[in-house]
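Accompanying notes for the structure given below.
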Amino acid sequence: MDRRSFLLAAGAAGAAAASGAGFWRWLEIPAAVRAPGRELGHLLRNPGAAPAPRAHYETDVVILGSGAAGLAAAWRLAKLGHTRFIVVAGPEPNGNLSSGIAGEVRYPTGAHYLPLPSRESAHVREMLQEFGLILDGAQSERPYYDERCVVHAPESRVLIDGLWHDGVLPADALPAEARSEHQRFFAQVDQLARARGSDGRRAFAMPIVESSADSQWRALDSMNFAAWLDREGYRSTALRWYLDYACRDDYGRACSEVSAYAGLHYFASRAGEATNAERGAVLTWPEGLGALARHLAQSAGLSLNATDARSTMRLLDGAAISLREIPGGVQALCASLAGGGLETYAVKARRAICAMPLQVAAHVVGNLHELGFDAREHLPAQAPWLIGNFVLSGFPKERPGAALAWDNIVLGSTSLGYVVSTHQDIRVGPPQRTVFTAYHALSEMSPRQAREWLMRAPPAELLERASIDLRAAYGWKLAACCERAEITLRGHAMAVPTPGYLSNRGLLALRETDGRILFAHGDLSGYSVFEESTWWGDRCARRICSV
Amino acid sequence: MIDRILILSVFIVASCGLAYELIAGALSSYLLGDSVLQFSSVIGCYLFAMGVGSHLSRYVRDDDVLARFVDIELLVGLLGGVSATLLFLTFSWLAAPFRATLYALVFAIGVLVGMEIPLVMRALNARSAKFSDLVAKVLTFDYLGALAVSLLFPLVLAPRLGLARTGLLFGMLNVAVGLWTVWVFRSSLAKPAAQVLRGAVVFALLGAGFLASDRLVTWAEKGLFGDEIIHAVTTPYQRLVITRWQDDTRLYINGNLQFSSRDEHRYHEALVHPALESAPWAQNVLILGGGDGLALREVLKYQNVKSVTLVDLDAEMTRLFSTSAPLTALNRAAFGDPRVTVVNQDAAQWIEHSERMFDVAIADFPDPSSFALGKLYSVPFYRLLAKRVAANGYVVVQSTSPYFAPQAYWSIVKTLEEAGFRTWPYHAYVPSFGEWGFVLASTRGAFAPPQHYRIQMRFLDAEVTRGMFAFAPDMPRPPVEANRLNNQSLVHYFEQDWHRVIR
């Protein structure tokens, strides 16, 4: 090789390497990781000496936590004319209802949909009516909804062997015996949805406390869902994958870890209907349930930046680190990490609504043991979640088959698919930006292992796990349109309804507590859904106002 | 003798090479418009590819030259021969990206053609012709071939045979050269029989294509336009093609006919006048869609109209129809009228945030053929629209054909009713569309078909108007659902209906 061609070859190789590196850098998705509540929450385990309170507040009711339960409590108090209350936001405003915004596009960082509420969830229907989301017949068999928030067609699709199919369990893509098993399962569930107990209540109602107490159904809580499915002869791989998917989606863990009662409750309790939507439709917003959080806070007169000093309803930044009874009431010591260091303030009130997860309450509420709740024995298992929000400057090229839907899942995946935040837009031209939100319950590891992994995994590893389904759907084309990713870690995202959860004594005790300290949280039901959390918040507020 | 044969093949090969280049250039300017750009880029790509081919020819071993030359002839014949037909079909029927296919084909043919002359020269050189003579002869005939085709193509071949058949003809010539070479040099080729067989197959294929190409092209043109394209542009949202044949100007959006200037007056008079004649107090009019300005032209005929807001997603569309002379002649420069405000935004997004009130609103959207478009015919969209229109004002919606797509048409009626409107469905015969449907609606107002019109029109009078609001027994109202966003029944109806009509 002469000198000239050597130089040429070297130059070409260099250029190729440089453009290759550029290509890879271009394919790298910049990721930001947030772990809301982690720092403040873990501080509770080893409470050092907290600094002296910088401010003192006094009010009638203090609500500790601003997730679904806390906001619902504030909403009901305000509606009942009770205006002397303070909400302490907790480490993350709106908790599992939180959301983010990228440019003009909002996206969920927590829960993202609400099934059409059944008649038992009268409180949810009341909210939706007040927010203008139910237009007519709020408490009737079939309310009339604002269609903008009813999920638009196409609702879901599933990726099977590189081809997208309409729906979640497409009949045309499954073998015949699997199809008949599906029909049998859904017929059985349908029957359970209509079944009523000797007490006249529905067998599986939401909120769960409205369900029938009949032992024939309660007995299901003694086995796990997978065992029940085996017993009933459901063996189709696709059906079992789907049911596993459903359990992971709602409870964060697989069928084999979830109570059979809870597994069936998922399907049989969702009996809500609408005049102007199909059965089984769901309500959703670009920012997920963040939209409901906004409505609730607004209706309750809450705002973090409230400047109206005369208002007796306040929302304070920070989280409770201790709550104790004092003569004539309660005192909450609250801390915030604003401004770099730890700052505290104290809130004195006549009564407190403890609207925080129970594993936090176990550290915050001094006398939890006296109230009948022993954390070592009664604390439910908690599922860790990973939520990836991918901000896209355009829509990546799709694989063949069904068009992009709201919910997009990958058959056989350990992840839970992704939703499209701009799906509910009424528009013809593509939006400037969209956000794909990928959900992943880390059920492939034990909850403890998963939390340890979340603590030490570098961003690239978290990103890889959060984008499993998106990469299956788009490959490298995803990165080409992805501006950035935001990864939200929720180490203790939700309680898992494991077998025996219906008879958890500690939960039953906290439900009935009616002293200075009341409890409101989805954990009391044993699982985390909007209808349950808000039901407890609503009930606490009613108890305080004696209605 | 052998020399002469090779020189003659140079002549043919050169003409074929140029022919493919011309066909690709002509076809792309025909389909994409902007002929300067198309011709330059096709020629550039082709010449560059020829250079690549010439370079690659050095890797052909000396004892292989003739065999490879024959192979290349067969391949060029096949690729070049079917190129025009393939591009036609790609453009009109397939979802494949047309430009990518075009340049890939041009490049591939260019590479192969680029190898031909070097190989011929080496073959001749090996037969010990004098090198200076050889170069002179080969290049002379190369350029002569080019001259012949450059004159034949535009004057005879393209007009008589069309692009597709011209391509196939030259393909057959290439294959013929290949076969002839095999015959002449059969003794010095390793496997002449196999090459003859291959050549025969390709020749038969091209021949069959040549005979069937009439049908193929008609089939391709069915998805195409047939007429001369005077403007074609791909905007961020859609592909606009404007064609003209004699006095007929047509607009196609994504290949669907939007109007023909011969009968668009029927469509637009029917769309606009029943509502505007019945609202003599109307001052503010809203047009959603309708970026061609033709409905606008009709609205502006009313002196009582003080302002018209036209909301169309596509800025390129409204720009085209406010600047291009043949188009402004059609809409009588409606966009120049001081009463007109153009908003280039998504209609639903705009209406959700607008606070203006209108007396009449005209929704002239493309047919609900996709989930995105279906949303513009949904209950929530009509509810939003109802908030922007005076209670006794009118809304008119273009709503597909009640004859060809009865489920879709009546689903739109039902959707408007569900959104709180009273409706007065009507239809008119537009020759280029067939029987076409509209729905007039109002939340509080009453309506009766106008008895006379203040405006002189070509199509509408009291008699015709009365007929429009009557539905013949062969156009009954089927039981259909309203179009809810949750299931978008309209999109399914529309698909079913047209599937039944179009074979």
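Each chain gets a letter, A, B and so on, in the order its sequence line appears, and its residues count up from 1.
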Residue A:Tyr113 excluded, over 12 heavy atoms near OH under 6.0 Å: yes

Under 4.5 Å from a heavy atom of chain B, the part of A:Leu135 involved: side chain

Donor-acceptor contact below 3.5 Å, side chain A:Glu147 vs main chain B:Leu485: yes

Check: B:Val379 and A:Asn276 side chains under 4.5 Å, non-hydrogen atoms: no

Contact class of A:Thr275 relative to chain B, heavy atoms under 4.5 angstrom: backbone

Max heavy-atom pair count under 4.5 Å with chain A, selected residue of B:Glu418, B:Glu352, B:Arg484, B:Lys375: B:Arg484

Test item: B:Asn486 side-chain N/O and A:Val150 main-chain N/O as donor-acceptor pair under 3.5 Å: no

Residue pair A:Gly429 / B:Leu313: nearest heavy atoms and the distance that separates them: N-CD2, 3.5 Å

Closest-packed option against chain A by number of heavy-atom pairs under 4.5 Å, given B:Gln488, B:Gln349, B:Gln345, B:Glu481: B:Gln349

pair A:Arg148-B:Arg383: side-chain heavy atoms closer than 4.5 Å: no

Engaged part of B:Leu384 at the chain A interface, taking heavy atoms whose separation is under 4.5 Å: side chain

Taking every non-hydrogen atom, the tightest pair across A:Ile426 and B:Pro380: CD1-CB, 4.4 Å

Residue pair B:Phe371 / A:Pro154: nearest heavy atoms and the distance that separates them: CD1-CD, 3.6 Å

